[in-house]
Amino acid sequence: MAFWLSKSRSISSLLGKRIGLLTILHERNKGSFLHSRRDAVFRYKNSPEFSTKSATFSATGRRFKSSKTGEQVELPSSDEDDDENQAVDFPGGRVAFTSRMNFTSESSGKRIPCFRVLDDNGYPIAGSIFEQVNKEIAVRMYSGMVTLQIMDTILYETQRQGRISFYLTSTGEEAINLASAAALSPDDVVLPQYREPGVLLWRGFTLQEFANQCFGNEADYGKGRQMPIHYGSQKHNYFTVSSPIATQLPQAAGVAYSLKMDKKDACVVTYMGDGGTSEGDFHAALNFAAVTEVPVIFICRNNGWAISTPITEQFRSDGVVVRGQAYGIRSIRVDGNDALAVYNSVRTARQTAINEQRPILIEALTYRVGHHSTSDDSTKYRAVDEIEHWKTAQNPVARFRKWVQGNGWWTDEYESEFRSNIRKQLMEAIQLAARKEKPPIANLFTDVYEENAPNLVEQERSLGETIKKHPQDYPSDVPL
Amino acid sequence: MFGIISHKLVASTAGGSPGQPILRAAVLAMMSNYSTATKQIMVREALNSALDEEMAADPTVFLMGEEVGEYEGAYKVRFVNSPLTPVSKGLLRKYGPQRVVDTPITEAGFTGIGVGASCHGLRPIVEFMTFNFAMQAIDHIINSAAKTNYMSAGNINVPIVFRGPNGPAAGVGAQHSQISSHWYSSCPGLKVLAPYSSEDARGLLKTAIRDPDPVVFLENELLYGESFPVSDEVLDSSFCLPIGKAKIEKEGKDVTITAFSRMVGYALKAAEILEKEDLEAEVINLRSIRPLDRSLINNSVRKTNRLVTVEEGFPQHGVGAEICASVVEENFNYLDAPVERISGADAPMPYAANLERLALPQVEDVVRAARRACYRSVPTATTA
């Protein structure tokens, strides 16, 4: 027997060639072939990890069925785990072999579950473990969500009235906006996509500042150069919104690289939608962030729609969370309409990102209740009752309100008072913004380069002269 | 070498030993005569030394790109003078992987990453293996880098340098031979530089790295191995050349020839040939494509009254077109002849050596164009 075993490798390889099989031999001289053999054939077919077991050349005298060339022959597998010796150090690391040809399935069968803390009615789910949020933060989060809701409604209407050229709402995603912002520190650098004004709101951007940007007046921090909703604020560590999709992702990895080199106690947080994950920049950003080991949190607002493209047409993977592992990034799927779950996951992600200097991917599942923007009418491609359902039954603001009120931190009276207050403030801000002067013409020529380009200086001077010569042709409401 | 010897001599006699004063005086006198052009360095070395010095001076400067780091180790010994020796030789060993980053193959990705890093206090130098591949990153170069200072109302600076070889090499086909000078030069927000000599390479790269705006730095693969004489001033670590200023490589009075990058060499050779025909060409090395040194070019045309522009790129909307427009707009009455534009052929670059030669400007083309501008009779067809 022993003699036979010691010879078995060469003989099996010969047999292997003749029968046309891959055979990897156990070099261990264990006598367990006998007892395993009986149930081996049964287990072979039914074991969930049969693909990782190596085939064993049975030396117990079992005769092989004669087989014609090309016919599959099954060898009984051993119970034993793969021998460590049956592995090779390919570039990238040691890999164990298997003689089971098994394609990893395109889907793991079960979808990755979604972390949530509050149920649909705003009650903490029994047994859920989460970091408590104190009254001050909870009320601030909730009132921020309400403010965002009102701001969206009114500014959207303002566009419809023709007073601003464009607007984009975050309706349905208020929890992601405010809760993620609340979990960060002011030193964390934010690179938004465009549906995250709530983060700016949390950090202290006022309604007047929002309105100024939308109206592109002289008080606009953007000097009148950007479309509405392209907010940016250096003092709030919020990078200016940029229209091309997903370009902020590799940039965020770059900013994180800079933070890492500075060894700052801060991380970068960048947002994208489900559609943005299809861009090449998503791949580069995640891959690079993982390789360079930088503290960046990628938050994907999976809201089901990329303008009119539903996620079934966007990707075939189990959403976005499964992709994290493909890049070697720790990931989590969270209920984006549960403010506390979002808060908790971002808090933990932030600590991990900074302490372990690694990127984190958070997929927050939610729904885009509003149209993509004022240039879109989503009823053209989705059912009105689907929108209604998410607007009412799954409203993140209402859900969080129930929890906050349940703790006695908010009442219905506060609610109506707060809402009418914000509405009034916003209307005033809009009136003021609309009345303010437009940005001076000088803003056309500056900031193309850090130092003003001589040709532009010359053109500005020449324009000034022309205006002086023909004042009647120059609009009276545009300052110089 | 002479400089070093004279340095040593001066130093050793600084103590004031009595026997040496005459020798010392003589040495000092000779030094002042030979203070220019004592050393020859290759463009590749010039770029490498510029990178090295800037990285040493400023810890926020770092280099990223494909094969910039480890690759230099593999070929350093065997191919010291080959085109394969990268410009980043020795930098990884000196500064470590945090400052010399080998990136995955995603131009769009690492360009975006570089822009992001530059938005937050670092000064990346993004190297493209060639500018052909930069086309995959052009959104980040234009939309993320060029426009950001303006669109963020001056809040977000992008002090980034995009560098790499631009234009045809030898026998590499269409997808490896594209010239991008005129594309980037049409973009406000970018600065575009094209060095020719080692002096240009050193001075312009140092300025580019120190510049607060995004700079596209177009090198030339075939020039990497060419040596040029450099003065001590050029070798000094504070040497910088201003952006937006061209250089008159050779003065003349009969015709102005503008060129950049490799074509400057061709223009100089053409000028030598023209001299034998009693035509003195003034050769201008543009150095800076955006901003263009319009005043220098125009002054030259006012002096010579004739203009020939030379470039390797495609003819339509090329750099020469802009120069021509500028001269016509400002000095129409000074022109005695139509402006002649020499450019590459209006076709994707062929591979076969004879076809490639025909697709690119040659010295004879420049000579012929200059003669035409000077109303000398010339054969119109090229002789292959």
Side-chain angles (χ1 to χ4, degrees), chain A residues 189 191 220-227 230 232-235 237 239-244 246-262 268 270 279-289 291-292 294 296 439 443-451 453-456, chain B residues 59-60 62 64 97-99 101-124 136-137 139-140 142-160 187-191 211-214 243-244 290-292 294-295:
Chain A
V189 183
L191 279 89
D220 169 26
Y221 296 146
K223 297 186 188 171
R225 291 175 184 153
Q226 292 265 24
M227 290 166 67
H230 287 65
S233 175
Q234 206 174 30
K235 64 182 186 218
N237 262 328
F239 266 53
T240 312
V241 172
S242 170
S243 306
T247 53
Q248 72 277 9
L249 302 178
Q251 289 171 18
V255 176
Y257 191 79
S258 158
L259 282 181
K260 182 182 165 112
M261 283 181 75
D262 282 344
V268 179
T270 185
E279 280 277 0
D281 274 345
F282 171 82
H283 163 78
L286 266 69
N287 190 34
F288 211 95
V291 167
T292 48
V294 288
V296 53
N443 281 355
L444 182 59
F445 300 98
T446 53
D447 302 318
V448 178
Y449 299 102
E450 187 62 9
E451 257 179 49
N455 63 324
L456 291 177
Chain B
T60 62
F62 73 102
M64 58 191 292
Q98 272 223 320
R99 308 241 348 249
V101 182
D102 264 331
T103 62
I105 306 179
T106 162
E107 277 75 10
F110 67 70
T111 308
I113 287 159
V115 171
S118 70
C119 291
H120 201 259
L122 291 181
R123 301 186 85 99
Q136 293 181 288
D139 175 65
H140 275 293
I142 309 297
N143 279 328
S144 298
K147 299 182 183 171
T148 293
N149 196 41
Y150 190 77
M151 291 179 82
S152 72
N155 282 324
I156 302 179
N157 279 127
V158 187
I160 195 170
C187 266
L190 286 180
K191 291 178 180 168
D211 196 279
D213 294 309
I243 294 183
R290 185 179 176 103
L292 211 46
R294 294 168 204 272
S295 59

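None of these values were measured; they are calculated from a predicted model. Order of the sequence lines sets the chain letters (A, B, ...), proteins ahead of strands, with each chain counted from 1.
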Item checked: Region of A:Thr446 in contact with chain B, defined by heavy-atom distances below 4.5 Å -> backbone

Next item on the list: Please round to the nearest 0.5 Å and tell me the distance separating atom NZ of B:Lys147 and atom CG of A:Asp447.
Entry: 15.5 Å

Next item on the list: Begin with the C-alpha distance, continue with both residues' side-chain angles, and end with the deciding distance and a verdict on side-chain contact (heavy atoms from CB on, under 4.5 Å) for B:Thr60 and A:Met261.
Entry: CA-CA 9 Å; B:Thr60 62; A:Met261 283 181 75; over 6 Å; no

Notebook entry, point to check: Does any heavy atom of chain A fall under 4.5 Å from the side chain of B:Ile105, the backbone, both, or neither of them?
Noted result: neither

Next item on the list: Quick one: which of B:Val158, B:Leu122, B:Asp211, B:Thr148 has the most heavy-atom pairs under 4.5 Å with chain A, could you say?
Entry: B:Leu122

Check: Under a 4.5 Å heavy-atom cut-off, does chain B meet the side chain of A:Asp220, its backbone, both or neither?
Finding: neither

Notebook entry, point to check: Do you know which two heavy atoms are closest between B:Gly109 and A:Pro250, and how far apart they sit?
Noted result: O-CB, 3.4 Å

Next item on the list: Heavy-atom pairs under 4.5 Å with chain B are the metric here; pick the option from A:Arg225, A:Gln248, A:Lys260 that has the most.
Entry: A:Arg225

Next item on the list: Counting only heavy atoms closer than 4.5 Å, note whether B:Asp139 contacts chain A via side chain, backbone, both or neither.
Entry: side chain

Check: What part of B:Arg123 gets closer than 4.5 Å to chain A, counting heavy atoms only: side chain, backbone, both or neither?
Finding: neither

Next item on the list: Identify the heavy atoms of A:Phe239 and B:Cys119 that sit nearest to each other, and give their distance.
Entry: CE2-CB, 3.3 Å

Margin query: Please classify the contact of A:Val291 with chain B as side chain, backbone, both or neither, using a heavy-atom distance under 4.5 Å.
Written below: neither

Item checked: Interface residue of largest heavy-atom contact number with chain A, from B:Ser152, B:Pro59, B:Ala117, under 4.5 Å -> B:Ala117

Checklist line | Separation between NZ of A:Lys223 and CG of B:Asn155, rounded to the nearest 0.5 Å | finding: 7.5 Å

Item checked: Minimum heavy-atom distance B:Met64-A:Phe288, with the two atoms named -> CE-CZ, 4.2 Å

Next item on the list: Pick one of side chain, backbone, both or neither for B:Val101, based on which atoms fall under 4.5 Å of a heavy atom in chain A.
Entry: side chain

Check: To the nearest 0.5 Å, what is the distance between CD (A:Glu450) and CG (B:Asn157)?
Finding: 4.0 Å

Check: With a 4.5 angstrom heavy-atom cut-off, which part of B:Pro124 approaches chain A: side chain, backbone, both or neither?
Finding: neither

Notebook entry, point to check: Top residue by heavy-atom pair count (under 4.5 Å) with chain A, among B:Thr103, B:Thr111, B:Thr106, B:Asn149?
Noted result: B:Asn149

Note to self: Need one label for B:Pro188: side chain, backbone, both or neither, based on atoms under 4.5 Å from any heavy atom in chain A.
What the structure shows: both

Next item on the list: State the OH-CD distance between A:Tyr257 and B:Gln98, to the nearest 0.5 angstrom.
Entry: 5.0 Å

Check: Are A:Thr240 and B:Ile156 side-chain neighbours, meaning at least one heavy-atom pair lies under 4.5 Å?
Finding: yes

Check: Between atom OH of B:Tyr150 and atom CG of A:Asn443, what is the distance when rounded to the nearest 0.5 Å?
Finding: 7.5 Å

Item checked: Greatest number of heavy atom pairs closer than 4.5 Å to chain B - which of A:Ala256, A:Ala289, A:Gly254 -> A:Gly254

Notebook entry, point to check: With distance as the sole test, does A:Ser258 use its side chain to make a donor-acceptor pair with the main-chain N or O of B:His120 at under 3.5 Å?
Noted result: yes

Checklist line | Closest heavy-atom pair and its distance - A:Pro244, B:Asn143 | finding: CG-ND2, 4.0 Å

Notebook entry, point to check: What option among B:Gly189, B:Gly121, B:Gly154 has the most heavy-atom pairs under 4.5 Å with chain A?
Noted result: B:Gly189

Notebook entry, point to check: How many angstroms lie between OG in B:Ser144 and CD in A:Gln251, if you round to the nearest 0.5 Å?
Noted result: 4.0 Å

Check: Heavy-atom distance under 4.5 Å to chain A: side chain of B:Pro159, backbone, both or neither?
Finding: neither

Next item on the list: Tell me, for A:Leu286 versus chain B, whether the close heavy atoms (under 4.5 Å) come from the side chain, the backbone, both or neither.
Entry: neither

Next item on the list: Could you have a look at A:Glu451, A:His283, A:Gln226 and say which one has the most heavy-atom pairs with chain B under 4.5 angstrom?
Entry: A:Gln226

